[in-house]
> 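Before I ask anything, here is the structure I am working with.
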Amino acid sequence: MNIAIDGHAASGKSVIAVGIAARLGVNVFDTGALYRAVACEWDKRALGEHTQEKMSAFVKSIKFDVKFIDGVQHTYINGFDYTPFLRQEKISVLSSILAPYPQLRAKLRKMQRKFARENDCVMEGRDIGSEILPKADYKFFITAPVEVRARRRFEQQKGKEASFEQVLKDLKERDYADENRVVSPLKIVKDSIIINTAGKTPQESIDECVSYIKK
(Lines give C-alpha, C1' and ligand atoms only; values in the text may rest on other atoms or scores of the structure.)
Protein backbone atom coordinates (compact mmCIF):
# COMPACT_ATOMS: atom_id res chain seq x y z
CA MET A 1 0.00 0.00 0.00
CA ASN A 2 1.22 3.48 -0.90
CA ILE A 3 -0.35 6.60 0.60
CA ALA A 4 0.56 10.04 -0.77
CA ILE A 5 0.52 13.07 1.52
CA ASP A 6 0.89 16.53 0.01
CA GLY A 7 0.10 19.96 1.37
CA HIS A 8 1.07 23.48 2.27
CA ALA A 9 3.85 24.44 4.64
CA ALA A 10 2.79 24.38 8.31
CA SER A 11 -0.45 22.58 7.45
CA GLY A 12 0.39 19.69 9.76
CA LYS A 13 1.11 17.19 7.00
CA SER A 14 4.25 15.78 8.64
CA VAL A 15 2.48 15.02 11.92
CA ILE A 16 -0.45 13.54 10.02
CA ALA A 17 1.81 11.39 7.85
CA VAL A 18 3.55 10.01 10.95
CA GLY A 19 0.22 9.37 12.64
CA ILE A 20 -1.26 7.50 9.67
CA ALA A 21 1.89 5.40 9.31
CA ALA A 22 1.85 4.50 13.00
CA ARG A 23 -1.79 3.39 12.78
CA LEU A 24 -1.07 1.25 9.71
CA GLY A 25 2.26 -0.11 10.94
CA VAL A 26 4.30 1.18 7.99
CA ASN A 27 7.14 3.64 7.54
CA VAL A 28 6.80 7.31 6.66
CA PHE A 29 9.09 8.42 3.83
CA ASP A 30 9.83 12.14 4.25
CA THR A 31 10.89 13.34 0.80
CA GLY A 32 11.69 16.79 2.17
CA ALA A 33 14.53 15.21 4.15
CA LEU A 34 16.19 14.27 0.85
CA TYR A 35 16.24 17.88 -0.33
CA ARG A 36 17.45 19.06 3.05
CA ALA A 37 20.27 16.52 2.91
CA VAL A 38 21.17 17.84 -0.54
CA ALA A 39 21.35 21.33 0.95
CA CYS A 40 23.59 20.05 3.74
CA GLU A 41 25.96 18.45 1.25
CA TRP A 42 25.97 21.57 -0.93
CA ASP A 43 26.73 23.72 2.11
CA LYS A 44 29.40 21.31 3.33
CA ARG A 45 31.20 21.56 -0.01
CA ALA A 46 30.84 25.36 0.07
CA LEU A 47 29.63 25.34 -3.54
CA GLY A 48 28.19 28.81 -3.26
CA GLU A 49 26.23 30.16 -6.21
CA HIS A 50 23.91 27.59 -7.80
CA THR A 51 23.85 27.21 -11.58
CA GLN A 52 22.53 24.56 -13.97
CA GLU A 53 26.06 23.41 -14.83
CA LYS A 54 27.14 23.22 -11.21
CA MET A 55 23.98 21.34 -10.23
CA SER A 56 24.43 18.79 -13.05
CA ALA A 57 27.95 17.98 -11.87
CA PHE A 58 26.81 17.87 -8.27
CA VAL A 59 23.95 15.45 -8.98
CA LYS A 60 26.31 13.05 -10.72
CA SER A 61 28.62 13.06 -7.70
CA ILE A 62 26.08 12.09 -5.03
CA LYS A 63 24.56 8.78 -3.99
CA PHE A 64 21.50 8.64 -1.75
CA ASP A 65 20.50 6.05 0.78
CA VAL A 66 17.61 5.95 3.23
CA LYS A 67 17.45 3.63 6.23
CA PHE A 68 14.85 3.31 8.95
CA ILE A 69 16.38 2.82 12.39
CA ASP A 70 13.89 2.20 15.22
CA GLY A 71 11.22 3.64 12.96
CA VAL A 72 13.13 6.87 12.30
CA GLN A 73 14.20 7.84 8.78
CA HIS A 74 17.93 8.41 8.34
CA THR A 75 19.04 10.12 5.14
CA TYR A 76 22.53 9.54 3.76
CA ILE A 77 24.53 11.14 0.98
CA ASN A 78 27.71 9.34 -0.03
CA GLY A 79 27.54 7.35 3.20
CA PHE A 80 27.20 10.33 5.57
CA ASP A 81 24.09 10.51 7.76
CA TYR A 82 22.75 14.08 7.62
CA THR A 83 19.71 13.40 9.80
CA PRO A 84 20.88 15.47 12.83
CA PHE A 85 21.48 18.56 10.67
CA LEU A 86 18.34 18.75 8.53
CA ARG A 87 16.33 21.28 10.58
CA GLN A 88 18.77 24.17 10.59
CA GLU A 89 17.18 27.38 9.31
CA LYS A 90 19.89 27.97 6.71
CA ILE A 91 19.34 24.44 5.41
CA SER A 92 15.59 25.06 5.10
CA VAL A 93 16.24 28.16 3.01
CA LEU A 94 18.90 26.53 0.83
CA SER A 95 16.84 23.39 0.22
CA SER A 96 13.95 25.45 -1.17
CA ILE A 97 16.41 27.15 -3.56
CA LEU A 98 17.97 23.92 -4.81
CA ALA A 99 14.80 21.79 -4.94
CA PRO A 100 13.39 23.14 -8.26
CA TYR A 101 16.38 22.00 -10.33
CA PRO A 102 14.99 19.36 -12.73
CA GLN A 103 18.12 17.19 -12.79
CA LEU A 104 18.00 16.87 -9.01
CA ARG A 105 14.27 16.13 -8.96
CA ALA A 106 14.68 13.49 -11.69
CA LYS A 107 17.29 11.63 -9.64
CA LEU A 108 15.22 11.75 -6.47
CA ARG A 109 12.04 10.76 -8.33
CA LYS A 110 13.61 7.45 -9.36
CA MET A 111 14.72 6.75 -5.81
CA GLN A 112 11.34 7.58 -4.28
CA ARG A 113 9.43 5.44 -6.77
CA LYS A 114 11.77 2.52 -6.23
CA PHE A 115 11.21 2.71 -2.46
CA ALA A 116 7.44 2.80 -2.92
CA ARG A 117 7.51 -0.22 -5.26
CA GLU A 118 9.38 -2.24 -2.68
CA ASN A 119 7.66 -1.09 0.53
CA ASP A 120 4.30 -0.27 2.03
CA CYS A 121 4.68 3.38 3.00
CA VAL A 122 3.21 6.78 3.64
CA MET A 123 5.15 9.23 1.46
CA GLU A 124 5.04 12.92 2.31
CA GLY A 125 6.03 15.92 0.21
CA ARG A 126 4.67 18.47 -2.23
CA ASP A 127 4.45 16.51 -5.49
CA ILE A 128 3.80 12.97 -4.31
CA GLY A 129 0.27 12.52 -5.64
CA SER A 130 0.90 14.49 -8.80
CA GLU A 131 4.39 13.33 -9.83
CA ILE A 132 5.98 10.67 -7.64
CA LEU A 133 3.10 8.28 -6.95
CA PRO A 134 0.26 9.19 -9.33
CA LYS A 135 -1.21 5.71 -8.80
CA ALA A 136 -1.04 5.76 -4.99
CA ASP A 137 -3.82 3.86 -3.24
CA TYR A 138 -4.83 7.01 -1.34
CA LYS A 139 -3.91 10.66 -1.85
CA PHE A 140 -4.42 13.28 0.83
CA PHE A 141 -3.91 17.02 0.43
CA ILE A 142 -3.41 18.70 3.81
CA THR A 143 -4.15 22.39 4.11
CA ALA A 144 -5.53 25.22 6.26
CA PRO A 145 -5.97 28.98 5.78
CA VAL A 146 -2.60 30.71 5.66
CA GLU A 147 -3.40 32.78 8.76
CA VAL A 148 -4.05 29.59 10.75
CA ARG A 149 -0.81 28.05 9.53
CA ALA A 150 1.13 31.21 10.32
CA ARG A 151 -0.25 31.27 13.85
CA ARG A 152 0.87 27.67 14.37
CA ARG A 153 4.35 28.35 13.07
CA PHE A 154 4.62 31.53 15.13
CA GLU A 155 3.70 29.58 18.29
CA GLN A 156 6.31 26.93 17.41
CA GLN A 157 8.98 29.61 16.98
CA LYS A 158 8.31 31.53 20.19
CA GLY A 159 11.57 32.80 21.63
CA LYS A 160 12.83 33.73 18.18
CA GLU A 161 12.73 37.28 16.93
CA ALA A 162 10.34 36.83 13.97
CA SER A 163 6.99 38.59 14.40
CA PHE A 164 3.67 37.04 13.45
CA GLU A 165 3.49 39.42 10.50
CA GLN A 166 6.88 38.23 9.26
CA VAL A 167 5.93 34.57 9.66
CA LEU A 168 2.71 35.23 7.72
CA LYS A 169 4.61 37.02 4.96
CA ASP A 170 7.16 34.19 4.71
CA LEU A 171 4.41 31.56 4.46
CA LYS A 172 2.58 33.47 1.73
CA GLU A 173 5.82 33.71 -0.23
CA ARG A 174 6.49 29.99 0.30
CA ASP A 175 2.98 29.10 -0.87
CA TYR A 176 3.41 31.20 -4.00
CA ALA A 177 6.80 29.65 -4.76
CA ASP A 178 5.51 26.10 -4.20
CA GLU A 179 2.39 26.59 -6.31
CA ASN A 180 4.00 28.47 -9.19
CA ARG A 181 7.36 26.79 -9.73
CA VAL A 182 7.86 25.43 -13.23
CA VAL A 183 8.96 21.96 -12.11
CA SER A 184 6.53 19.83 -10.03
CA PRO A 185 4.40 22.59 -8.51
CA LEU A 186 2.25 21.95 -5.45
CA LYS A 187 -1.29 21.26 -6.64
CA ILE A 188 -4.43 19.38 -5.72
CA VAL A 189 -4.91 16.46 -8.08
CA LYS A 190 -8.43 15.38 -8.99
CA ASP A 191 -8.43 12.22 -6.87
CA SER A 192 -7.00 13.85 -3.73
CA ILE A 193 -8.93 13.84 -0.48
CA ILE A 194 -8.65 17.36 0.95
CA ILE A 195 -8.14 17.56 4.69
CA ASN A 196 -8.55 21.04 6.21
CA THR A 197 -6.80 21.00 9.59
CA ALA A 198 -8.13 24.36 10.81
CA GLY A 199 -9.84 24.00 14.18
CA LYS A 200 -8.78 20.36 14.55
CA THR A 201 -6.25 18.65 16.74
CA PRO A 202 -3.59 16.58 14.96
CA GLN A 203 -5.30 13.43 16.24
CA GLU A 204 -8.64 14.48 14.77
CA SER A 205 -7.01 15.04 11.36
CA ILE A 206 -5.27 11.67 11.56
CA ASP A 207 -8.55 9.98 12.49
CA GLU A 208 -10.24 11.64 9.49
CA CYS A 209 -7.61 10.31 7.09
CA VAL A 210 -7.66 6.81 8.57
CA SER A 211 -11.46 6.73 8.31
CA TYR A 212 -11.17 7.08 4.52
CA ILE A 213 -8.60 4.29 4.37
CA LYS A 214 -10.78 1.98 6.44
CA LYS A 215 -13.67 2.56 4.03
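We number each residue from 1, following the sequence as shown.
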> Would the distance check show the side chain of Thr197 and the main-chain N or O of Lys200 forming a donor-acceptor pair, the cut-off being under 3.5 Å?
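No; judged by distance alone, with no hydrogens or angles, the pair does not exist.
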> Between Tyr35 and Leu108, does the side-chain contact (heavy atoms from CB on, under 4.5 Å) criterion hold? Intermediate values first, please.
CA-CA 9 Å; Tyr35 291 97; Leu108 290 179; 3.4 Å; yes
> Looking at Ile3, is its backbone amide N or carbonyl O close enough to the side chain of Asp137 to form a donor-acceptor pair, meaning the two atoms are under 3.5 Å apart?
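It does not hold such a pair.
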> Show your reasoning for whether side-chain contact (heavy atoms from CB on, under 4.5 Å) applies to Cys121 and Phe115.
CA-CA 9 Å; Cys121 69; Phe115 183 90; 3.8 Å; yes
> If you measure from CD on Glu208 to CD1 on Ile20, what distance do you get to the nearest 0.5 Å?
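With rounding to 0.5 Å, CD (Glu208) is 10.0 Å from CD1 (Ile20).
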> Can you tell whether the side chains of Lys90 and Asp43 come within less than 4.0 Å, N to carboxylate O?
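Looking at Lys90 and Asp43, the cut-off is met.
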> Taking only residues two or more places apart in sequence, or in another chain, which ones meet Thr75 in a side chain to side chain donor-acceptor pair (under 3.5 Å)?
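Listed in chain order: Gln73.
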> Looking only at atom types and distance, does a side-chain atom of Asn78 sit under 3.5 Å from a main-chain N or O of Ser61, one as donor and one as acceptor?
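Between the backbone of Ser61 and the side chain of Asn78 there is a qualifying donor-acceptor contact (under 3.5 Å).
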> Take the angle between the ring planes of Tyr82 and Phe85 and call it parallel below 30°, perpendicular above 60°, tilted in between.
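Ring orientation, 0 to 90° scale: perpendicular.
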> Rounded to the nearest 0.5 Å, what separation is found between the CZ atom of Arg36 and the CG atom of Leu86?
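The distance works out to 7.0 Å.
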> Taking 4.0 angstrom as the limit, do Asp170 and Arg174 come out as a salt bridge?
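No.
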> Using 0.5 Å steps for rounding, measure from the CH2 atom of Trp42 to the CG atom of Leu98.
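If we round to the nearest 0.5 Å, Trp42:CH2 and Leu98:CG are 6.0 Å apart.
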> Counting distance only, does the side-chain N/O of Tyr76 pair as donor-acceptor with the main-chain N or O of Phe64 below 3.5 Å?
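No: the side chain of Tyr76 does not pair with the backbone of Phe64.
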> Would you mind writing out the side-chain donor-acceptor pairs for residues 128-136 within the sub-3.5 Å range, not counting sequence neighbours?
none

> Among all residues two or more places apart in sequence or in another chain, which pass the side chain to side chain donor-acceptor pair (under 3.5 Å) test with Arg153?
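Side chain to side chain donor-acceptor pair (under 3.5 Å) list for Arg153, sorted by chain: empty.
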> Output a table of donor-acceptor pairs, distance under 3.5 Å, between side-chain atoms of residues 51-59 and any protein atom two or more places apart or on a different chain; print 'none' if there are none.
unit_1: Thr51; atom_1: OG1; unit_2: Lys54; atom_2: N; d: 3.1
unit_1: Gln52; atom_1: OE1; unit_2: Gln103; atom_2: NE2; d: 3.1
unit_1: Lys54; atom_1: NZ; unit_2: Leu47; atom_2: O; d: 2.7
unit_1: Lys54; atom_1: NZ; unit_2: Glu49; atom_2: O; d: 2.7
unit_1: Ser56; atom_1: OG; unit_2: Gln52; atom_2: O; d: 3.0
unit_1: Ser56; atom_1: OG; unit_2: Gln103; atom_2: NE2; d: 3.0

> Do Lys107 and Tyr101 meet the cation-pi criteria used here (NZ or CZ under 6.0 Å from the six-membered ring centre, within 45° of the axis)?
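No, Lys107 does not sit over the ring of Tyr101.
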> Taking atom types as modelled and ignoring hydrogens, do the side chains of Ser184 and Arg126 form a donor-acceptor contact shorter than 3.5 angstrom?
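Absent: no donor and acceptor within the cut-off.
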> I need the Lys67 NZ to Asp65 CG distance, nearest 0.5 Å.
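One gets 5.5 Å once the value is rounded to the nearest 0.5 Å.
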> Ignoring hydrogens and angles, state whether a donor on the side chain of Ser96 or Arg181 is under 3.5 Å from an acceptor on the partner side chain.
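No pair is found: no donor N or O on one side chain lies under 3.5 Å from an acceptor on the other.
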> Can you tell me how far OG of Ser95 sits from CG of Leu34, rounded to the nearest 0.5 angstrom?
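Interatomic distance, Leu34 CG to Ser95 OG, rounded to 0.5 Å: 11.0 Å.
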> State whether a side-chain donor-acceptor pair under 3.5 Å links His8 with Asp175.
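No - no donor-acceptor pair under 3.5 Å links their side chains.
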> Output all residues satisfying side chain to side chain donor-acceptor pair (under 3.5 Å) with Glu147, sequence neighbours left out; order by chain, then residue number.
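Scan of Glu147 (side chain to side chain donor-acceptor pair (under 3.5 Å), adjacent residues dropped) gives none.
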> Going by side chain to side chain donor-acceptor pair (under 3.5 Å), name the pairs with one or both residues in residues 15-32, residues two or more places apart or in two chains.
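Non-adjacent pairs meeting side chain to side chain donor-acceptor pair (under 3.5 Å): Arg23-Asp207, Asp30-Arg87.
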> Quick one: does any side-chain atom of Asp120 pair with a main-chain N or O of Val26 as donor and acceptor, under 3.5 Å?
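Between the backbone of Val26 and the side chain of Asp120 there is no qualifying donor-acceptor contact (under 3.5 Å).
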> Where is the tightest heavy-atom contact between Ala116 and Met123, given as atom of each residue plus distance?
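Scanning both residues completely, I find the closest heavy atoms to be CB-CE, 4.2 Å.
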> Indicate yes or no for a side-chain donor-acceptor contact from Glu204 to the backbone of Thr201 under 3.5 Å, with no hydrogens or angles considered.
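Yes; judged by distance alone, with no hydrogens or angles, the pair exists.
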> With distance as the sole test, does Asp6 use its side chain to make a donor-acceptor pair with the main-chain N or O of Asp127 at under 3.5 Å?
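Answer holds: yes.
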> Within the 4.5 Å heavy-atom criterion, are Thr143 and Ile195 side-chain neighbours or not?
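No - every pair of side-chain heavy atoms lies 4.5 Å or more apart.
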> Charged N to carboxylate O below 4.0 Å: is that the case for Arg45 and Glu41?
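Looking at Arg45 and Glu41, the cut-off is met.
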> Atom CD of Gln88 and atom CG of Leu94: how far apart are they, to the nearest 0.5 Å?
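So the CD of Gln88 and the CG of Leu94 are separated by 10.5 Å.
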> For Val210 and Tyr212: C-alpha separation, side-chain torsions, deciding distance, then whether side-chain contact (heavy atoms from CB on, under 4.5 Å) applies.
CA-CA 5 Å; Val210 171; Tyr212 283 103; over 6 Å; no
> Does Ser11 use its side chain to pair, donor to acceptor, with the backbone of Gly7 at less than 3.5 Å?
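Here the side-chain-to-backbone pair does not exist.
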